[in-house]
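Please read the structure below before turning to the comments.
Here is how names work: the chains are called A, B, and so on, in the same order as the sequence lines, proteins then strands, and each is numbered from 1.
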There are 2 protein chains.
Amino acid sequence: MNVGEVAALAGVTVRTLHHYDRIGLLSPSGRTAAGYRRYSAADLGRLHQVLLYRELGFPLEEVATLLDDPSADPAEHLRRQHRLLRDRLDRTAAMVAAVEKEMEARHMGIDLTPEEKFELFGDWLPEEYEAEAQERWGETEAWAQSQARTRAYTKDDWVRVQAEGEDVEARMAAALQAGVAPDSPQAMDLAEEARQQISRNFYDCSPEMHAGIGRTYVEDERFTAHYERRAAGLAQWVSTAVQANAARQGA
Amino acid sequence: MNVGEVAALAGVTVRTLHHYDRIGLLSPSGRTAAGYRRYSAADLGRLHQVLLYRELGFPLEEVATLLDDPSADPAEHLRRQHRLLRDRLDRTAAMVAAVEKEMEARHMGIDLTPEEKFELFGDWLPEEYEAEAQERWGETEAWAQSQARTRAYTKDDWVRVQAEGEDVEARMAAALQAGVAPDSPQAMDLAEEARQQISRNFYDCSPEMHAGIGRTYVEDERFTAHYERRAAGLAQWVSTAVQANAARQGA
DNA sequence: TGCACAGCCTGACGTCGCGTCAGGGTCAAG
DNA sequence: CTTGACCCTGACGCGACGTCAGGCTGTGCA
């Protein structure tokens, strides 16, 4: 295959293949009389490995040493790539969950501490520092500032949206106090209403997402407090209702 | 907070923050009399957004225009980030699956075509080109070359490993021909034996992974052919047994 | 047979996102 | 009042290509 064909197949530019040739990472196994690069099937296999390792963030020089190591058989590479990809999958899933948590926090007017926002990036988070930073940035100042910013970004119908949320929450509280079981159809209908309201006004919220959010209502104390201020036991009640509703949708 | 503290919290270097300051992407909201950069809570919030978009592959200049766009409120950013992260999650999951398929292909001495290997990278794959390339690189030459490479990488106990696989496959074929149902405990035990053999000799193969692989036994004709050469209906039988076994492990 | 035009070649310089000194001021602790 | 950790501003370097420039090659078709 010519360089252009390989480039199209692999989704890279010709320049990239030139580059890989010059640095000795991937030299085509042949050339035509006119000097055209000719790539064999084996070359394509190597390119595939190169692109996988590159995608995983390895510098090209390291990719070369990995692939040229005669003691590492292909299965070894596959195992390593599999492990690295699974790590990345976990990390991405964690980031998705973090963003979802932030969405919900914003929805409810709660602001996360900087530590929480960054915990996915820091990787290591020195323990002793944590307490100190918590004190400096916790609750008071950061909270107030963020609230101010929220107001600044607010649009005209913000009030209406908040009222809608209020309405559902109030009816949930009433149901709780009337003794309605959180896994009853009536409770699930309220949960579903809440979910659709979020989807309409904030972000597209699938039943699975909603279930995940429901869990944080009891796991994260600030979310818990938000509901408990309205009625004792409401956080747990809503959490259960939301999850029951999600299970119902899934079935 | 001073630049060093912010750097530690966010998991970046001081140099990076200097850089973001100079290019105007993130300028600290204050300075001390001595010229020290002082970051506010709002600055940290912006940094968080910057790092998320950076992680998602945006060039810094584009990140700046995104964040400085006055018409885009924070919720808008969260929605976009959520969508992009989910895309990435799907893509990574697809890559994991592809690597698992390759592991299994190698295990069974089957070589995937270059098109299959690259389908995750190409993104678009021109239709007309596909058939042509298939012809050039399909079955014959690529297959033979790859087999040769596989032999070259082979280690001393390769023979033993192959024999083990042979043994299990032969017993599966015997069970099929003896009329053993593929979802019977006996069949599931054979499937489990196969799974543990893969784990020992090739790569760590969870029941879920094994179930996924089992599906390809009937979905990919080359895997199917591998089993059908031994006995008619064996591919479907093994696939069912493997999935039944995975379900049993999961319960 | 000639020509147009897509595709290939080799330099060579530019870019982005920082890493890495160099040379010098700042600050809290002892 | 010194020591050591931390901060500042240049300025150069680097990895992984992008992007011309200037020129050769290969092929369909008039």
Side-chain angles (χ1 to χ4, degrees), chain A residues 1-40 43 46-47 49-67 121 123 126 128-129 132-133 136, chain B residues 1-40 43 46-47 49-67 121 123 126 128-129 132-133 136:
Chain A
M1 285 173 99
N2 280 347
V3 63
E5 302 173 277
V6 174
L9 178 62
V12 300
T13 68
V14 170
R15 178 65 176 91
T16 299
L17 294 175
H18 284 179
H19 186 57
Y20 293 172
D21 188 1
R22 183 149 327 168
I23 66 175
L25 174 58
L26 174 63
S27 296
S29 50
R31 294 264 190 157
T32 70
Y36 282 28
R37 291 173 177 79
R38 305 245 69 207
Y39 291 84
S40 71
D43 295 336
R46 181 167 173 114
L47 176 57
Q49 299 295 330
V50 167
L51 294 182
L52 251 176
Y53 277 125
R54 184 188 72 165
E55 174 88 22
L56 287 166
F58 284 82
L60 297 185
E61 196 178 329
E62 209 166 323
V63 172
T65 67
L66 277 175
L67 293 181
F121 294 104
D123 295 335
E128 42 145 13
Y129 176 68
E132 181 201 356
R136 259 199 252 181
Chain B
M1 284 174 100
N2 279 346
V3 63
E5 303 173 276
V6 174
L9 178 62
V12 300
T13 68
V14 170
R15 178 65 176 89
T16 299
L17 294 176
H18 284 179
H19 186 56
Y20 292 172
D21 188 1
R22 183 150 326 169
I23 67 174
L25 174 57
L26 173 62
S27 296
S29 49
R31 293 264 190 158
T32 70
Y36 282 28
R37 290 173 178 80
R38 305 244 71 205
Y39 291 84
S40 71
D43 295 336
R46 182 169 173 112
L47 176 57
Q49 299 294 331
V50 167
L51 294 183
L52 251 175
Y53 277 125
R54 183 187 73 166
E55 174 86 22
L56 286 166
F58 285 82
L60 297 185
E61 195 177 332
E62 209 166 325
V63 172
T65 66
L66 278 175
L67 293 181
F121 294 103
D123 295 335
E128 41 146 13
Y129 176 69
E132 182 201 355
R136 260 200 250 179

Residues in side chain to side chain contact (heavy atoms under 4.5 Å, CB included) contact with B:Glu62, at least two apart in sequence or another chain: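 Per chain and number, B:Glu62 pairs via side chain to side chain contact (heavy atoms under 4.5 Å, CB included) with B:Phe58, B:Pro59, B:Thr65.
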Set of residues satisfying side chain to side chain contact (heavy atoms under 4.5 Å, CB included) with respect to B:Ala33, sequence neighbours excluded: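 B:Ala33 satisfies side chain to side chain contact (heavy atoms under 4.5 Å, CB included) with no other residue.
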Donor-acceptor pair under 3.5 Å, A:Tyr36 side chain vs D:dG26 base: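 Not at all, since no donor on one side and acceptor on the other fall under 3.5 Å apart.
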Given DNA chain C, 5'-ward residue of the pair A:Gly4 and B:Ala34, judged by closest heavy atom: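 Per heavy-atom nearest nucleotide, the more 5' residue is A:Gly4.
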Polar contact flag, side-chain donor to acceptor under 3.5 angstrom, B:Tyr20-B:Arg54: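 Yes, because at least one side-chain N or O of B:Tyr20 sits under 3.5 Å from a partner of the opposite role on B:Arg54.
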Donor + acceptor pair across side chains of B:Arg38, B:Asn2 (<3.5 Å):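 A pair is found: one side chain offers a donor N or O, the other an acceptor, under 3.5 Å apart.
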Check this one for me: any side-chain N or O of [X] less than 4.0 Å away from OP1 or OP2 of [N]?
| X | N | result |
| --- | --- | --- |
| A:His18 | D:dC17 | no |
| A:Arg54 | D:dA16 | no |
| A:Thr13 | D:dG18 | yes |

Close residues, residues 19-33 of chain B, relative to DNA chain D [heavy-atom separation under 4.0 Å]: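 Within this stretch, B:Arg31 sit under 4.0 Å of the strand.
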Interatomic distance where [atom1] belongs to [X] and [atom2] belongs to [N] [whole Å]:
| X | N | atom1 | atom2 | result |
| --- | --- | --- | --- | --- |
| B:Phe58 | C:dC16 | CZ | C1' | 16 Å |
| A:Leu51 | D:dC17 | CG | P | 9 Å |
| B:Asn2 | D:dC7 | CG | P | 5 Å |
| B:Glu61 | C:dT15 | CD | C1' | 11 Å |
| A:Glu62 | D:dA16 | CD | P | 10 Å |
| B:Tyr39 | D:dC8 | OH | P | 7 Å |
| B:Leu17 | D:dC7 | CG | P | 10 Å |
| A:Met1 | C:dC8 | CE | P | 11 Å |

Residue pair B:Tyr53 / B:Leu67, side-chain heavy-atom distance below 4.5 Å: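 Side chain of B:Tyr53 against side chain of B:Leu67, heavy atoms only: contact under 4.5 Å found.
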Smallest separation among heavy atoms of A:Ser27 and A:Asp21, with atom names: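 Between these two residues, the closest heavy atoms are OG-OD1, 3.0 Å.
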Spatial distance of atom CG (A:Leu52) from atom CG (A:Leu56) [nearest 0.5 Å]: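 A:Leu52 CG to A:Leu56 CG: 6.0 Å, rounded to 0.5 Å.
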Closest nucleotide among D:dC8, C:dC13, C:dG19 to the A:Arg15 side chain: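 Nearest listed nucleotide: C:dC13.
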B:Val14 side chain, from C-beta outward: closest of D:dT25, C:dT26, D:dC8: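 Side chain of B:Val14 sits closest to D:dC8.
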